[in-house]
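Whatever order the structure lists ligands and atoms in, that order sets their numbers, starting from 1.
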Amino acid sequence: MRSITLLGATGSIGASTLDVIARHPDRFSLFAVAAWRSDEALVRLCARFRPRFAVIADAARLPSLRDALRAAAVPTTALGGAAALAEVACAPECDTVVAAIVGAAGLVPTISAARAGKRVLLANKESVVCAGRLLTEAVRAGGGELLPVDSEHSAIHQCLAGARETDRDVRKLILTASGGPFRTRSDFAGITPEQACAHPNWVMGRKISVDSATLMNKGLEVIEASWLFGFPAGRIEVVVHPQSVIHSMVEFVDGSVVAQLGTPDMRTPIAYALSYPGRIDSGSAALDFPRLGALSFEAPDLRRFRCLALAFEALAGGTARTATLNAANEIAVEAFLGGRLPFADIAAVIEETLNVVDANEPSSIDEVLAIDARARRGAARLIERRSSASLTVSGP
Ligand code: NAD
Ligand code: MG
């Protein structure tokens, strides 16, 4: 029986994880669930799954969570604040932590789980982008495991399963990308948040949906793959595959390419990581090959999708660069979703932030958090400046 802490329980990955857990009550129980501020959704989860703890990161909502749990006669203990996320992630009563918070906010609890030797199911790619070395070192020191939930990395993990000496046997990792909703669009002017969030193959949270539309998601995944599998940027290739059937591939030195396929359903990689090295039913539908018809591939357009090129450059520059890239991206995406930045300007804001924020390689999580904070301030200033400049230009 695995005892699970689910961070980001009210999100898209959270819902898929709960669906898999609910299919296997004999194998999994929930120790704790956590979310940012959606206390009503947390209460519904607690009524259904009866975890020991429910954490609301926004401490101001703790009283309403507590009251609602009491009113519903649910025996779950409510905790509040960011520190409680890290506490439930390292509690001795749980052995598995699903890291499914979105953004760098997931870093500290993910590190906490890694240090405590948990099996960490990593959906929160931003934490490895911000602190790749520190996170992998924490996993090693804690003696636990880090298993990918991201479908591409789960695919690579599965493709590598038979390889004994990864470094010698493998020529390169090939990450597939759907290309997002604007794959064939030449002009990015006037794109709305609704258009950007309408992904052709996956239903996901809003931030990762925008990242998929700019291809920054693939850029973050290249950085994630580099840390998870120990490959430099030069041995990671991205190929656009609009059907999202092949989730990624590994090319070996003998010319063999091994691919992992499946319907685009996050329950498959979640179930794999929960049950690894065994397999369990995930609830996802089987592929219907005759109906699929053709699978197609094309090279990514790094000129239109500048974010992907920026991520490759940042990876070559080290963790200070990737943490800056990530923070600037979070701020730019938030501004786009809030109507304060055109979609077409997201890449420019990230590039300008990388130009103005100059930081040394971080050697602790506190240093990563300091770089993250500086990059956020830098990006916010750049966005502010852009919007006042455009007001001046279009003003009377
Ligand atoms: P989402 O927006 O649907 O859910 C995010 C969750 O994180 C929510 O439960 C929210 O309450 C919580 N959260 C947000 N800010 C928080 C904070 N400051 N403190 C504590 N909790 C906070 O996002 P999602 O699509 O589920 O994505 C979650 C993570 O998984 C992201 O890092 C994303 O890149 C990754 N991922 C998602 C998918 C997918 O299909 N959705 C696929 C691969 C990887
Ligand atoms: Mg992915």
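- Residue Ala9 has at least one heavy-atom neighbour below 4.0 Å for each of these atoms of ligand 1: 9 (O).
- Looking at Leu85 next to ligand 1, no N or O pair under 3.5 Å apart turns up.
- Residues Ser244 and Asn201 bring a donor and an acceptor atom of their side chains to less than 3.5 Å of each other.
- Which parts of ligand 1 touch Gly8 is read off a 4.0 Å heavy-atom cut-off, strictly below it: atoms 6 (C), 7 (O), 9 (O).
- The shortest non-hydrogen separation linking Val368 to Cys130 is CG1-O, 3.5 Å.
- A salt bridge is absent between Glu384 and Arg381; no separation between the charged side-chain nitrogens and carboxylate oxygens falls under 4.0 Å.
- With respect to atom 28 (C) of ligand 1, the closest heavy atom belonging to the protein is Ala100 O, 3.4 Å.
- Atom 5 (C) of ligand 1 has Val102 CG1, 3.7 Å as its closest protein atom, hydrogens excluded (heavy atom only).
- Remark: ligand 1 and Trp36 share an N or O pair separated by less than 3.5 Å (distance only, no angle test).
- Formation of a donor-acceptor pair under 3.5 Å by the Thr322 side chain with backbone atoms of Val129 is found in this model.
- The shortest separation from a heavy atom of Met266 to ligand 1 is under 4.0 Å, placing the residue in contact.
- Heavy atoms of Ile13 found under 4.0 angstrom from ligand 1 belong to the backbone as well as the side chain.
- Of all protein heavy atoms, the one closest to atom 29 (C) of ligand 1 is Ile101 O, 3.7 Å.
- The shortest contact between atom 2 (O) of ligand 1 and any protein heavy atom is with Gly205 CA, 3.9 Å.
- The ligand atoms of ligand 1 that sit less than 4.0 angstrom from a heavy atom of Ala57 are 19 (N), 20 (C).
- For Asp150, the N, O or S atom closest to the Mg ion (ligand 2) goes by the atom name OD1.
- Each of the following atoms of ligand 1 lies closer than 4.0 Å to a heavy atom of Ala105: 17 (C), 18 (N).
- Using a distance-only test at 3.5 Å, with no hydrogens or angles considered, no donor-acceptor pair links the side chain of Arg66 to the main chain of Thr77.
- Minimum-distance N/O/S atom of Glu221 relative to the Mg ion (ligand 2): OE2.
- For Asn124 (side chain) and Ile101 (main-chain N/O), a donor-acceptor pair under 3.5 Å exists by modelled atom type.
- The atoms of ligand 1 that sit less than 4.0 Å from any heavy atom of Ala123 are 30 (O), 32 (O), 35 (C), 36 (N), 44 (C).
- From the protein, the heavy atom lying nearest to atom 3 (O) of ligand 1 is Ser12 N, 2.9 Å.
- Between Gly14 and ligand 1 there is no heavy-atom distance shorter than 4.0 Å.
- Annotation: Trp36, atom CH2; neighbour count of heavy atoms from other residues, nucleotides and ligands within 6.0 Å does not exceed 12.
- At a cut-off of 3.5 Å, with distance as the only test, a side-chain donor of Ser178 or His199 sits close to an acceptor on the other residue.
- Of all atoms in ligand 1, numbered sequentially from 1 with element shown, those under 4.0 Å from a heavy atom of Ala35 are 11 (O), 21 (N).
- Set against the non-hydrogen atoms of Glu126, the atoms of ligand 1 under 4.0 Å away are 31 (C), 32 (O), 34 (O).
- Close N/O approach between Arg37 and ligand 1 is not found [any backbone or side-chain N/O within under 3.5 Å].
- Between Asp95 and Arg119 there is no salt bridge, since none of the side-chain N atoms of the basic residue sits less than 4.0 Å from a carboxylate O of the acidic one.
- Remark: side-chain polar atoms of Thr5 are paired, donor with acceptor, to backbone N or O of Val88 under 3.5 angstrom.
- Protein heavy atom closest to atom 34 (O) of ligand 1, with residue, atom name and distance, is Lys125 CE, 3.2 Å.
- Ranking the protein heavy atoms by distance from atom 44 (C) of ligand 1 puts Asp150 OD1, 3.5 Å first.
- There is a side-chain donor-acceptor pair under 3.5 Å between Asp39 and Ser64.
- Scanning the protein for heavy atoms near atom 36 (N) of ligand 1, the closest one is Ile208 CD1, 3.6 Å.
- Remark: the backbone N or O of Ser363 is not paired with any side-chain donor or acceptor of Arg133 at under 3.5 angstrom.
- Summarising the contacts of atom 8 (C) of ligand 1 with Leu42, Thr10, Leu6, the nearest heavy atom is found in Thr10.
- Of all N/O/S atoms in Glu152, OE1 sits nearest the Mg ion (ligand 2).
- Under the 3.5 Å distance criterion, the side-chain polar atoms of Ser38 are left unmatched by any main-chain donor or acceptor of Glu40.
- Checked for salt-bridge contact, Lys125 and Glu152 miss the test: no charged N lies under 4.0 Å from a carboxylate O.
- Screening Gln260, His157, Arg267 against Tyr272 for a side-chain hydrogen bond (donor to acceptor under 3.5 Å, both in side chains) leaves a single residue, His157.
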